[in-house]
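The residues of the chain are indexed from 1 along the displayed sequence.
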Amino acid sequence: MKKILVGMISSVGAYGLDNYVFSFWKYASNYAQVDCLGSRYNRDLEQTLHSKGCAFQVVSGLRNPIKQYLQVKELIRKNHYDMVYLNTSTAMSVPVLMAAHDCGVERVLVHSHSAGFDAASSWKRKLMTTLHRLCKGLVCRCANEYLTCSDKAAEWMYTQKVNDSGKVKRIQNAVDVSKFRFDPERRTALREQLQVQDKFVIGMVGNMSYVKNHHYIIDVFSRVAKMDTDSILVILGDGVLRGAIEQQIRDCGLRDRVILPGQVRASDGYMSAFDLLVMPSYFEGMPIVSVEAQCAGLPCIFSDRITSEAGITKQCSFLSIEQPELWVKEILEKKKNQVDREEVEVDLYPFSVEAQNETFRSLLQEKEM
């Protein structure tokens, strides 16, 4: 049986990158011995993997890249992995790829999942971006297979030479389509719970961090609220900026117009309950939230810094975050011209779990894996 080391992962199929790695592990474990690599110990994850006969290999983080390189190298030599599959948001994760390359691993895969650094400090973003760019060449030399979730994520991770070579393979982010289809009953129940039955509900989903740009949408909504008394903003998520976001809401006099349910699952019906999804992110690889929303036929307004691949239906608009007045105008326009959600046509198969599993099958079969 072939042996695969896949990482990085930190929790049991939570969100984003972790969810993707966990999905790959579940599928690939049917055909190979798959161990998971992480830089933070998680007991629940270890027990879940162990119950399936797989190991959770924990190594040092990127604060000690030399130690990480040596530890991964030792793991590979000890376990004789045929394939190392690194899922990452930064080229600074190159020590794992270097270890695999130096050990002569047959297949060394790198998968780009982002398009920038999520740091509120401008000097830290500049520093990390500089280090990232310095490492891109090493990533491309140490890996021999290149994957991405979008064009922007590929541009972020790989050199121009690799991107122009035609060697970069795109793998779509997937969702359980059945959980996000528009459901009138769930819509009614959740809107009653939120006490917004007769309101135009603008939704935003994402960790409260720099990249999601919450402060921008609150500023935009404060302008909408002055022009339209029936609009409500609901923000799902939590994070380090929650306190600052709550203060901005108070300063804008929006405490009765903005709802913060916290860290809840969008699959619980929120995409059906919303009337519009807004995403003013500074950057995204390929936002899974955009797929979830459009599964429910939800109109969306995206930042034009998000990959155009996020626009699956005709109900999507891409606007510059340098022009908040355009966001106000577009929000009011979408409220005025609301669509019949049950009539929105969208080809969901490319973003389904079934399609993702087919991609995993193809990936594992390459070079007789």
Side-chain angles (χ1 to χ4, degrees), residues 7-8 10 15-18 38-40 59-69 86-98 110-140 142 148-160 162-163 204-220 222 235 237-252 278-287 289 302-307 319-324 327:
M8 292 286 197
S10 60
Y15 299 98
L17 194 153
D18 276 338
S39 60
R40 286 180 294 178
V59 296
S60 294
L62 288 175
R63 290 187 177 183
N64 195 333
I66 295 175
K67 188 175 182 180
Q68 184 184 87
Y69 165 79
L86 178 67
N87 292 265
T88 184
S89 299
T90 170
M92 289 188 293
S93 297
V94 72
V96 173
L97 302 174
M98 291 178 66
V110 59
H111 191 155
S112 178
H113 287 267
S114 188
F117 272 103
D118 186 5
S121 168
S122 60
W123 71 263
K124 185 175 182 179
R125 287 198 305 276
K126 290 177 181 178
L127 174 62
M128 293 299 183
T129 300
T130 298
L131 293 174
H132 165 82
R133 288 172 176 167
L134 290 173
C135 292
K136 286 173 68 169
L138 278 174
V139 165
C140 295
C142 291
T148 187
C149 61
S150 71
D151 288 342
K152 284 188 178 292
E155 292 170 6
W156 166 251
M157 185 64 65
Y158 307 124
T159 61
Q160 191 66 48
V162 167
N163 279 310
M204 182 173 176
V205 182
N207 291 329
M208 293 181 176
S209 62
Y210 161 80
V211 63
K212 300 301 182 181
N213 205 8
H214 288 77
H215 291 301
Y216 179 84
I217 209 61
I218 292 170
D219 176 61
V220 167
S222 70
I235 301 176
D238 211 336
V240 294
L241 295 182
R242 184 181 180 107
I245 290 168
E246 290 176 333
Q247 184 61 54
Q248 183 184 6
I249 291 170
R250 288 192 292 270
D251 291 344
C252 292
V278 290
M279 186 175 287
S281 305
Y282 286 111
F283 62 84
E284 296 278 353
M286 172 60 191
V289 169
F302 300 132
S303 158
D304 62 0
R305 299 187 186 184
I306 296 174
T307 176
L319 302 178
S320 169
I321 54 176
E322 303 299 328
Q323 297 177 286
W327 286 71

**Q** Provide the closest heavy-atom pair for Thr148 versus Ser150 in the form atom of the first, atom of the second, distance.
**A** OG1-O, 2.7 Å
**Q** Check whether any side-chain N or O of Trp327 sits under 3.5 Å from a backbone N or O of Ser320 as a donor-acceptor pair, and report yes or no.
**A** yes
**Q** Got a second to check how far Asn87's CG is from Leu17's CG, nearest 0.5 Å?
**A** 5.5 Å
**Q** Any heavy-atom pair between the side chains of Ser93 and Met8 that's under 4.5 Å?
**A** no
**Q** May I ask you to check whether over 12 heavy atoms, not counting those of Arg133, lie within 6.0 Å of atom CZ?
**A** no
**Q** Return yes if some donor-acceptor pair links the side-chain N/O of Asn163 with the main-chain N/O of Ala154 below 3.5 Å, else return no.
**A** yes
**Q** Within the distance-only criterion (no hydrogens, no angle test), does the side chain of Ser112 pair as donor or acceptor with the backbone N or O of Ala153 below 3.5 angstrom?
**A** yes
**Q** Going from CG on Asp304 to CG on Leu319, what distance comes out if it is rounded to the nearest 0.5 angstrom?
**A** 7.5 Å
**Q** Give me the atom names and distance for the closest heavy-atom approach of Ser89 to Met157.
**A** C-CE, 3.8 Å
**Q** Just wondering, do Thr129 and Trp156 contact through their side chains at under 4.5 Å, heavy atoms?
**A** yes
**Q** Provide the closest heavy-atom pair for Met204 versus Val278 in the form atom of the first, atom of the second, distance.
**A** CG-O, 3.7 Å
**Q** Which heavy atom of Thr307 sits nearest a heavy atom of Met286, and at what distance?
**A** CG2-SD, 3.9 Å
**Q** Within the distance-only criterion (no hydrogens, no angle test), does the side chain of Ser303 pair as donor or acceptor with the backbone N or O of Ser281 below 3.5 angstrom?
**A** yes
**Q** Do Gln68 and Val96 make a side-chain contact, defined as non-hydrogen atoms from C-beta onward lying under 4.5 Å apart?
**A** yes
**Q** If you take all heavy atoms of Arg242 and Gly237, which pair is closest and at what distance?
**A** NH1-O, 3.7 Å
**Q** Could you tell me whether the side chain of Gln248 and the main chain of His215 form a donor-acceptor pair under 3.5 Å?
**A** yes
**Q** Go through Lys212 and Leu241 one step at a time and tell me if the side-chain contact (heavy atoms from CB on, under 4.5 Å) criterion holds.
**A** CA-CA 10 Å; Lys212 300 301 182 181; Leu241 295 182; over 6 Å; no
**Q** From Ile235 CD1 over to Ile245 CD1, what is the distance, rounded to the nearest 0.5 angstrom?
**A** 6.0 Å
**Q** Quick one: are Leu62 and Pro95 in side-chain contact, heavy atoms under 4.5 Å?
**A** yes
**Q** At what distance, to the nearest 0.5 angstrom, does CD of Glu246 lie from NE2 of His214?
**A** 11.5 Å
**Q** Hey, what's the ring geometry for Phe117 with His132, parallel, tilted or perpendicular (30° and 60° as the breaks)?
**A** perpendicular
**Q** For a quick test of reading the model, state the closest non-hydrogen atom pair linking Val139 to Val94 and the distance between them.
**A** N-CG2, 3.8 Å
**Q** How long is the straight-line distance from CD1 of Ile218 back to CD of Gln247, given to the nearest 0.5 Å?
**A** 11.0 Å
**Q** I want to check something: taking the side chain as every heavy atom from C-beta on, are Phe302 and Glu284 in contact at a cut-off of under 4.5 Å?
**A** no
**Q** Would Glu322 and Arg305 pass as an ion pair if we require N to O under 4.0 Å?
**A** yes
**Q** Within the 3.5 Å criterion, strictly below it, is a donor on Asn213 or Tyr282 matched to an acceptor on the partner's side chain?
**A** yes
**Q** Start with the C-alpha distance between Ser114 and Thr90, add both sets of side-chain angles, then the distance that settles side-chain contact (heavy atoms from CB on, under 4.5 Å), and finish with yes or no.
**A** CA-CA 8 Å; Ser114 188; Thr90 170; over 6 Å; no
